[in-house]
Amino acid sequence: MPSEIFLKLTNRLIDSDEKAFDQLFRHLYAPLVKFSHKYTKDRSAASDIVQQAFINVWQIREELSPNQSIKTYMFRTVRNLSLNYIRDRSRITTGLETENLESDEIPFYGESSSLHENKQLHLVKKWISKLPDRQRETLKMSRFEGLSHEEIAEVLDISKRTVNNHIVHAMKKLKQYHDEYTQMNM
């Protein structure tokens with residue numbers, strides 16, 4: 001969905017339009033659960049967090065800014081709720097607040113049909129997992145979650161320029177890993 005549509009949805013939500021809320025829910029629920037799961041590592045908790053985010057947005061709908069994309073707002077809300085979940089769970093069980101990079105899944109679409117493609121996919125995942133946290137996070141949000149630089153900046157509370165810098169550095173590092181791998185396998 002283009003950003004303009006999300007702005008229109010925001011305005012309709014402010015006016016308590018239930019159809020707009022339903023449309024928003026149907027479009028963002030699955031991506032938000034996947035986004036939350038990257039933090040929580042628990043599908044049930046991620047689902048609960050996203051449902052809570054939608055409840056929250058409905059409750060404060062009249063206070064929403066008509067100039068702010070609801071998509072960005074929802075991603076930021078889910079991120080904050082996910083981090084709160086991790087913080088609260090870490091008091092009960094240790095280790096939940098750390099990210100297991102080896103099992104961190106990146107949503108690649110389509111099935112790999114050959115051993116060569118599977119190996120390439122594995123290499124790219126490995127290289128992405130080696131990136132610094134912010135570079136990896138901004139790259140995933142941009143390339144795999146479909147957020148714009150402006151939306152990522154709002155979600156992470158950083159400037160658009162910083163988002164761009166993280167992505168540029170991440171892409172350069174991935175190219176470096178690729179070049180090194182190519183040189184070693186010639």
Side-chain angles (χ1 to χ4, degrees), residues 1 3 5-14 16 20-101 103-107 128-129 131-167 170:
M1 236 186 237
S3 296
I5 294 175
F6 282 109
L7 288 174
K8 289 178 184 176
L9 279 176
T10 303
N11 288 320
R12 289 175 50 203
L13 274 175
I14 292 170
S16 300
F21 183 78
D22 183 61
Q23 187 178 0
L24 180 71
F25 183 86
R26 290 179 188 278
H27 187 74
L28 288 182
Y29 180 79
L32 287 171
V33 170
K34 185 180 281 189
F35 182 68
S36 178
H37 182 260
K38 289 178 183 179
Y39 289 97
T40 65
K41 307 296 184 220
D42 181 335
R43 291 244 184 252
S44 178
S47 179
D48 290 346
I49 286 167
V50 172
Q51 288 178 27
Q52 185 59 51
F54 276 103
I55 290 169
N56 291 355
V57 79
W58 183 255
Q59 290 175 338
I60 59 113
R61 65 190 175 278
E62 293 172 353
E63 300 167 24
L64 293 171
S65 169
N67 299 322
Q68 180 187 22
S69 169
I70 193 68
K71 178 181 177 184
T72 303
Y73 180 84
M74 292 301 297
F75 271 91
R76 184 184 315 132
T77 300
V78 167
R79 178 179 184 264
N80 291 340
L81 290 172
S82 297
L83 292 173
N84 290 347
Y85 170 84
I86 292 168
R87 181 198 62 217
D88 295 345
R89 293 289 296 164
S90 69
R91 292 180 185 151
I92 300 167
T93 308
T94 61
L96 287 179
E97 67 280 356
T98 59
E99 189 173 329
N100 182 355
L101 296 177
S103 68
D104 194 20
E105 293 183 25
I106 300 167
I128 290 173
S129 73
L131 294 171
D133 291 344
R134 279 294 174 141
Q135 289 179 18
R136 184 177 56 253
E137 189 173 22
T138 55
L139 181 73
K140 286 180 181 181
M141 292 172 92
S142 171
R143 299 305 193 262
F144 305 114
E145 316 242 340
L147 273 67
S148 70
H149 288 198
E150 185 174 300
E151 291 169 329
I152 296 168
E154 286 185 44
V155 169
L156 299 179
D157 196 26
I158 57 178
S159 72
K160 288 191 298 187
R161 185 168 181 86
T162 301
V163 170
N164 187 62
N165 289 342
H166 284 314
I167 293 171

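Computed from a prediction, not measured in an experiment: that's the story for all the values here.
- Rounding to the nearest 0.5 Å places CG of L24 at 8.0 Å from OG1 of T10.
- Contact check for H166 versus E137: no side-chain heavy atoms found under the 4.5 Å cut-off.
- Listed by chain and residue number, S44 satisfy the side chain to side chain contact (heavy atoms under 4.5 Å, CB included) test with D48 (two or more places apart in sequence, or in another chain).
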| task | List the steps, then state whether side-chain hydrogen bond (donor to acceptor under 3.5 Å, both in side chains) holds for S16 with R61. | result | CA-CA 7 Å; S16 300; R61 65 190 175 278; 2.8 Å; yes
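- A side-chain donor-acceptor contact under 3.5 Å links T138 to the backbone of R134.
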| query | How far apart are the C-alpha atoms of Y85 and D42, what are their side-chain angles, what is the distance that settles it, and do they pass the side chain to side chain contact (heavy atoms under 4.5 Å, CB included) test? | reply | CA-CA 10 Å; Y85 170 84; D42 181 335; 3.4 Å; yes
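- For P66, the side chain to side chain contact (heavy atoms under 4.5 Å, CB included) partners at least two apart in sequence or on another chain are N11, I14.
- K140 contributes atom NZ, which lies 9.0 Å from atom CG of L131 (distance to the nearest 0.5 angstrom).
- In terms of the side chain to side chain donor-acceptor pair (under 3.5 Å) criterion, residue partners of N84 (sequence neighbours excluded) are, by chain and number, R87.
- Between Q135 and I167, every side-chain heavy-atom pair lies at or beyond the 4.5 Å cut-off.
- Looking only at side-chain heavy atoms (C-beta outward), V155 and L147 come within less than 4.5 Å of each other.
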Solution key, residues 73-83 side-chain donor-acceptor pairs under 3.5 Å, sequence neighbours excluded:
from : atom 1 : to   : atom 2 : distance (Å)
R76  : NE     : E154 : O      : 2.8
R76  : NH2    : E154 : O      : 3.3
R76  : NH2    : E154 : OE1    : 3.4
T77  : OG1    : Y73  : O      : 2.8
R79  : NE     : Y39  : OH     : 3.2
N80  : ND2    : R76  : O      : 3.4
S82  : OG     : S36  : OG     : 2.8
S82  : OG     : V78  : O      : 2.8

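- Expressed to the nearest 0.5 Å, how far NE2 of H149 lies from CG of N165 amounts to 10.0 Å.
- Side-chain atoms of E63 do not come within 3.5 Å of backbone N or O of I60 as any donor-acceptor pair.
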Counting only pairs under 3.5 Å, give me each side-chain donor-acceptor contact of residues 49-59, with atom names and distances, residues two or more places apart or in other chains.
from : atom 1 : to  : atom 2 : distance (Å)
Q51  : NE2    : S47 : OG     : 3.4
Q52  : NE2    : N56 : OD1    : 2.7

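- Screening residues 20-31 for salt bridge (charged side-chain N to carboxylate O under 4.0 Å, His left out) gives D22-R26 as the qualifying pairs, with residues at least two apart or on separate chains.
- Counting heavy atoms from C-beta on, the side chains of M141 and F35 come closer than 4.5 Å.
- Taken from CG in L32 to NE2 in H37, the straight-line distance is 14.5 Å, to the nearest 0.5 Å.
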